[in-house]
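Comments concern the structure below.
Order of the sequence lines fixes the chain letters, A, B, ..., with proteins taken first and strands second; residue numbering starts at 1 for each chain.
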There are 2 protein chains.
Amino acid sequence: MTTIKDVAREVGVHPSTVSRALDPARRGRIGEPVVRRILEAAERLGYRPDTVAASLRSGRSNMVGIIVPDIANPVFSPIIGGLEDVLSARGYALIVADPQPQRTGTDDIVQRLVARRVDGLVLANVALKDNSIERCLSWKVPVVLVNRAEAEARVPSVVSDDVAGMRLAVAHLLELGHRHILHLAGPQMLSTGSLRRRGFLEAMHEAGFAPADNDIEEAEAFTREAGHAAALRLLARQPEATAIVAANDLLALGIYEALRETGRRCPEDLSVIGHNDMPLVDLVDPPLSTIRISHREMGEQTGQLMLDLIEGVRGDVPYVVTAPLLVVRRSTQPPRISR
Amino acid sequence: MTTIKDVAREVGVHPSTVSRALDPARRGRIGEPVVRRILEAAERLGYRPDTVAASLRSGRSNMVGIIVPDIANPVFSPIIGGLEDVLSARGYALIVADPQPQRTGTDDIVQRLVARRVDGLVLANVALKDNSIERCLSWKVPVVLVNRAEAEARVPSVVSDDVAGMRLAVAHLLELGHRHILHLAGPQMLSTGSLRRRGFLEAMHEAGFAPADNDIEEAEAFTREAGHAAALRLLARQPEATAIVAANDLLALGIYEALRETGRRCPEDLSVIGHNDMPLVDLVDPPLSTIRISHREMGEQTGQLMLDLIEGVRGDVPYVVTAPLLVVRRSTQPPRISR
DNA sequence: ACATTTAGTGCAATCGATTGCGCAAGTCAA
DNA sequence: TTGACTTGCGCAATCGATTGCACTAAATGT
């Protein structure tokens with residue numbers, strides 16, 4: 001490994017001069033010819049500055065961490081991708097951490113990342129309440145939330161407009177002629193779960209309907225299995241409903257299974273609409289109508305926000321909201337008996 | 001931030017003593033009561049050793065990097081998940097990098113990661129030929145390949161048994177009574193693409209069949225679109241075939257689209273079998289028969305291998321091969337006209 | 001009683017880069 | 001010619017932990 005001293009010796013200057021010449025921002029203070037010789041020598045010797053040493057001295061690590069509940073989850077992986085993309089373009093490395101609930105809590109992960117001197121932390125874990133935010137705040141490490149909002153907006157966040165998304169879904173079903181619309185909600189401890197439920201209620205009220213408590217059922221988790229179970233409960237309770245809006249595509253697919261088991265057909269007997277437009281839902285049977293969210297774009301926005309924060313470009317608490325899009329496929333159609 | 005000196009001063013010992021007392025491995029050299037007081041003080045002051053400083057001195061960073069072509073790809077994301085899991089359990093952080101072809105090559109990424117002093121590198125990028133391996137070898141940084149093999153086994157790798165997988169697929173179709181079986185191959189520059197093609201050929205030969213060149217068509221990429229296009233070409237050329245084995249689920253889904261366009265039905269007119277068993281292929285229409293590969297498990301094995309390598313437990317070049325599993329769903333059935 | 005371990009801890013160098021400060025030479029104006 | 005700047009670069013401290021070596025005191029051996 002060639003160090004900065006090797007380069008300095010080769011050129012016949014002091015290491016500090018090499019350090020400055022190699023940094024475009026401070027190169028100006030060094031003479032033109034010297035810079036050229038340093039650049040050439042660095043190239044020739046294959047010099048790569050040791051990031052670790054630089055971090056120790058400068059206090060900046062050029063790393064940001066992201067904490068996600070499940071890396072393989074189709075909503076989080078594109079977020080990570082988009083984030084990595086804009087971060088790496090600016091020389092930052094992304095370290096991903098996935099808290100294993102049984103082993104170590106989010107808090108511990110935060111500590112470990114902070115001990116690694118990350119320049120910023122992205123929290124994608126959707127629990128509505130946990131004190132990792134306080135932890136970060138107290139350590140003064142820049143934080144941005146993604147796919148999750150906080151009640152009191154203390155830290156920047158990037159979310160999709162869940163309320164608008166639900167409004168889109170509800171409006172679509174109403175337009176088709178549905179009147180009795182159910183909601184299969186996600187876990188209310190999760191930000192998306194409660195926001196979408198609220199969005200559903202708002203949209204219905206705006207349209208002049210007041211859903212009963214009975215019209216909403218909460219799934220234990222954002223999974224097909226949980227969706228399946230919850231759908232069974234909901235459908236048994238409200239068999240005469242003609243449409244159901246799920247808080248999530250996975251839940252919608254769970255509804256599919258429940259329908260199949262109870263001998264009902266989608267969309268003939270019941271229209272179903274999901275949320276997220278995750279990969280392949282256009283190929284299931286029937287192709288799922290849903291609300292498209294560009295998670296990759298959210299990841300990119302998160303990265304941009306983080307960079308601004310780290311570089312101190314902005315002091316406010318930005319709150320980026322991305323616009324959802326209605327995607328109509330074949331799981332929604334007018335109700336059979338219009339009233 | 002409390003440093004090791006703060007703890008040392010608090011207890012009234014030398015920083016080096018604190019360092020030793022905090023490391024379970026070398027704690028033995030320190031007196032029992034002193035250790036206790038140090039532990040207590042460290043806890044009380046909320047001391048967290050600065051990983052960066054430790055790395056600089058010790059040369060170990062407790063980080064490993066993984067280079068993947070696409071983080072959001074359903075085959076790579078579980079690999080990352082499994083890897084992160086076993087790595088973080090041992091105190092290692094995982095940094096993921098995704099080479100943007102247009103911006104910076106894999107080589108550059110490798111350099112950047114090495115400059116960060118990663119203790120090991122996982123290469124998941126499937127290109128059959130690139131010199132990043134040489135790069136790593138010359139820098140003596142432990143490397144393990146995942147989902148990709150090398151012709152000459154210089155470095156450890158974790159792959160699924162592609163040949164066995166194809167044998168499973170072919171055997172299944174033969175058992176159903178198919179005789180004219182096609183192969184929709186993946187890009188031959190990619191390890192999985194060429195291995196699976198070879199697996200197909202071997203399996204067919206073993207069964208006493210000799211596929212013609214015409215029976216195989218190569219897709220440009222492992223995507224639905226490429227699969228669609230290639231399937232169109234293949235089906236036009238061999239309309240009388242009764243089954244087709246795809247190198248990948250995505251390609252199989254592309255075949256679905258091609259069938260729909262040309263008015264054929266699966267499985268009535270043509271049986272289709274995929275490879276990977278990615279999420280949701282059990283819900284498409286018709287549910288896809290495929291070869292299941294546990295990518296998460298591969299990720300875990302990769303992590304274990306990497307740890308062994310880093311800790312110098314093994315000097316050989318292990319070559320882990322995971323066993324594939326046949327998953328029969330509804331896209332395969334006996335050919336209509338049995339001969 | 002003296003030599004020799006052994007256990008327990010301190011000292012100071014070290015990892016490789018960054019950075020505030022200082023110094024010398026050159027520029028310019030008075 | 002001198003004083004005031006500017007430009008270009010070197011010096012040495014510094015970041016926080018690790019580690020080989022040295023050293024002291026107690027324990028053990030002969």
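- Ionic pairing of D50(A) and R116(B) is not present here: no N-O contact between side-chain nitrogen and carboxylate oxygen is shorter than 4.0 angstrom.
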Could you list the protein-to-nucleotides 6-11 of chain C atom pairs, N/O on both sides, closer than 3.5 Å?
from	atom 1	to	atom 2	distance (Å)
dT9(C)	OP2	G31(B)	N	2.6
dG10(C)	OP2	H14(B)	N	2.8
dG10(C)	OP2	T17(B)	OG1	2.5
dG10(C)	N7	R20(B)	NH2	3.3
dG10(C)	O6	R20(B)	NH2	2.9
dC11(C)	N4	S16(B)	OG	3.2

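- A salt bridge does not link R36(B) with E40(B): every distance from a Lys NZ or Arg NE/NH1/NH2 to an Asp or Glu carboxylate oxygen is 4.0 Å or more.
- Screening I30(B), T17(B), V18(B), L22(B) for a side-chain contact (heavy atoms from CB on, under 4.5 Å) involving V35(B) leaves a single residue, I30(B).
- Using a 4.0 Å heavy-atom criterion, one finds that R60(B) contacts the sugar-phosphate atoms exclusively.
- Remark: R37(A) does not engage E10(A) in a salt bridge, criterion side-chain N to carboxylate O under 4.0 Å.
- Atoms CD and CD1, from E84(A) and I95(A) in turn, are 13.0 Å apart once rounded to the nearest 0.5 Å.
- Using a cutoff of 4.0 Å between basic side-chain nitrogens and carboxylate oxygens, R112(B) and D108(B) are scored as salt-bridged.
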What do the steps show when you test Q111(A) against W139(A) for side-chain contact (heavy atoms from CB on, under 4.5 Å), and what is the final call?
-> CA-CA 10 Å; Q111(A) 290 214 335; W139(A) 269 313; 3.3 Å; yes
Atom pairs, protein N/O to nucleotides 15-17 of chain C N/O, distance under 3.5 Å:
from	atom 1	to	atom 2	distance (Å)
dC15(C)	O2	R57(B)	N	3.2
dG16(C)	N2	A53(A)	O	3.2
dA17(C)	OP1	Y47(A)	OH	3.0
dA17(C)	OP1	D50(A)	N	3.1
dA17(C)	OP2	I4(A)	N	2.4
dA17(C)	O5'	Y47(A)	OH	3.3

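- In this structure, E134(A) pairs ionically with R154(A), as a charged nitrogen and a carboxylate oxygen lie closer than 4.0 Å.
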